[in-house]
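Take a look at the structure below.
Any value given below was found using the heavy atoms of this structure, including those in side chains, with hydrogens, waters and symmetry copies removed.
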Amino acid sequence: MDKKELRHEIRGRKKQLSSLQLQQLSLEVVQRLLVHPRVVQANTVMFYHSLPDEVYTHEAVDQLVQMGKRVLLPVVIDEENLEIRLYQGPQDLKLGAMNILEPAGTPFTDYQEIETVLVPGMSFDPQGNRLGRGKGYYDRFLAQVPQAYKIGVCFDFQKVELVPTDENDIQMNEVI
């Protein structure tokens with residue numbers, strides 16, 4: 001299966017579940033993330049504010065802040081690039097370019113301080129290969145934080161035996 005076919009397959013799997021079912025499935029995934037040693041030990045964590053068809057992270061982002069973490073969220077700034085901003089609470093959020101709530105603050109540029117990155121994806125395989133939505137935002141960003149421990153975040157039904165890759169794809173250290 002090529003990337004386009006796999007994206008189509010995973011979208012079909014997601015459509016079989018209601019938003020309530022996806023939120024319920026998210027609880028276990030998020031619970032595992034919040035107690036993960038790499039998340040617990042990190043001072044600076046990059047997370048994401050979920051889209052409706054992704055593992056629901058809105059409350060988890062706030063929980064990380066309550067745990068004393070410096071939480072960073074991505075902001076889409078153009079057709080190719082993400083900018084990273086500090087998240088300080090829901091009052092910081094505004095609707096961004098991709099209809100995702102994004103922090104309105106100033107860009108975070110101390111990339112070497114990012115210890116753990118929690119990365120959404122369409123699909124992952126056991127080797128840590130990730131299939132994104134096709135724009136390459138995360139792969140371009142992840143190439144700039146080689147020191148960060150990268151955790152792919154998805155529902156179990158998004159895990160497949162083999163994700164097709166190319167030279168630009170960044171591998172995860174682990175998938176939850």
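One distance of note links OH of Y87 with CG of L101; it measures 9.0 Å at 0.5 Å rounding. Here R140 contributes atom CZ and L142 contributes atom CG; the two are 11.0 Å apart, rounded to the nearest 0.5 Å. Residue L131 holds its CG atom at 13.0 Å from NZ of K4, rounded to the nearest 0.5 Å. Of the inter-residue distances, the one linking L64 atom CG with M46 atom CE reads 13.0 Å to the nearest 0.5 angstrom. Separation of atoms CD (Q63) and CG (L33) is listed at 11.0 Å; rounding is to 0.5 Å. Interatomic distance, CG of N43 versus CE of M67, reported as 11.0 Å (0.5 Å rounding).
Listed for the D110 side chain is no donor-acceptor partner under 3.5 Å among the backbone atoms of Q112. Looking only at distances, a side-chain donor or acceptor of R7 sits under 3.5 Å from a matching main-chain atom of G132. Of the possible donor and acceptor atoms, none in the side chain of T116 sits under 3.5 Å from a partner among the backbone N and O of V45. Not a single donor-acceptor pair under 3.5 Å links the side chain of K94 to the backbone N or O of D92. Between the side chain of K69 and the main chain of V40, a donor-acceptor pair closer than 3.5 Å is present. No donor-acceptor distance shorter than 3.5 angstrom exists from the side chain of N81 to the backbone of D78, with no hydrogens or angles considered. At least one donor-acceptor pair closer than 3.5 Å links the side chain of E5 to the backbone N or O of D2. Remark: the backbone N or O of T44 is paired with a side-chain donor or acceptor of E115 at under 3.5 angstrom. No donor-acceptor pair under 3.5 Å is formed between the side chain of T57 and the backbone N or O of A60. When atom types are taken as modelled, the side chain of E102 and the backbone of L93 share no donor-acceptor pair closer than 3.5 angstrom.
Annotation for E79: atom CD does not count as buried by contact number, only 12 or fewer foreign heavy atoms lying within 6.0 Å. More than 12 heavy atoms of other shown residues, nucleotides or ligands fall within 6.0 angstrom of atom CD in Q144. More than 12 heavy atoms of other residues, nucleotides or ligands shown are found within 6.0 angstrom of CD on Q147.
In terms of heavy-atom proximity, L6 sits nearest to P164 at CD2-CD, 3.9 Å. The shortest non-hydrogen separation linking F47 to Y138 is O-OH, 4.4 Å. Taking every heavy atom of both residues into account, I170 and R130 meet most closely at O-CB, 4.5 Å.
In the model, H58 has a side-chain atom that pairs as donor or acceptor with a side-chain atom of S50 under 3.5 Å.
Contact annotation: the side chain of F157 approaches that of L17 to within less than 4.5 Å [non-hydrogen atoms, C-beta and beyond]. Side-chain contact between F155 and V55 is present, with at least one heavy-atom pair separated by less than 4.5 Å. Side-chain contact between Y56 and S19: absent, with no pair of heavy atoms (C-beta onward) separated by less than 4.5 Å. Counting heavy atoms from C-beta outward, Y149 and E174 have side chains that approach closer than 4.5 Å. For the pair I84/P107, no side-chain contact is recorded, criterion being any heavy-atom separation below 4.5 Å from C-beta on. Proximity of I151 to M172: side-chain heavy atoms (C-beta onward) are nowhere separated by under 4.5 Å. Contact of the L86 side chain with the L72 side chain is registered, since non-hydrogen atoms from C-beta on lie closer than 4.5 Å. Between E113 and R70 there is a side-chain heavy-atom pair separated by less than 4.5 Å.
In this structure, E54 pairs ionically with R133, as a charged nitrogen and a carboxylate oxygen lie closer than 4.0 Å. The pair K15-D53 fails the salt-bridge criterion, with no side-chain N (NZ, NE, NH1 or NH2) lying under 4.0 Å from an Asp/Glu carboxylate O.
Using the six-membered ring where Trp is involved, F141 and Y111 have ring planes that are perpendicular, over 60° apart on the 30 and 60° scheme.
Linking ILVMFWY residues whenever their side-chain heavy atoms come closer than 4.5 Å, directly or via other members, places L34 and L73 in the same cluster. Both Y48 and L95 are part of a single hydrophobic cluster, where members link through side-chain heavy atoms under 4.5 Å apart. Clustering ILVMFWY residues whenever any of their side-chain heavy atoms sit less than 4.5 angstrom apart, transitively, puts L82 in a cluster other than the one holding I77. A single hydrophobic cluster is not seen to contain both L20 and V29; linkage of ILVMFWY side chains at heavy-atom distances under 4.5 Å, directly or through other members, places them apart. Residues I10 and I176 do not share a hydrophobic cluster, clusters being chains of Ile/Leu/Val/Met/Phe/Trp/Tyr side chains in contact below 4.5 Å.
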Using a 3.5 Å cut-off and no angle test, enumerate the donor-acceptor pairs between side-chain atoms of residues 118-128 and protein atoms at least two apart in sequence or in another chain.
from, atom 1, to, atom 2, distance (Å)
S123, OG, Q158, O, 2.7
D125, OD1, Q127, N, 3.0
D125, OD1, G128, N, 3.2
D125, OD1, N129, N, 3.0
D125, OD1, N129, ND2, 3.4
D125, OD2, N129, ND2, 3.0
D125, OD2, V163, N, 3.0

Original post:
What's the verdict on side chain to side chain contact (heavy atoms under 4.5 Å, CB included) for E59 and D62, showing C-alpha distance, side-chain angles and the deciding distance?
Top reply: CA-CA 5 Å; E59 291 164 7; D62 288 323; 5.7 Å; no
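Taking the centre and axis of the six-membered ring of F108, the NZ or CZ atom of R85 falls outside the cone set by 45° and 6.0 Å.
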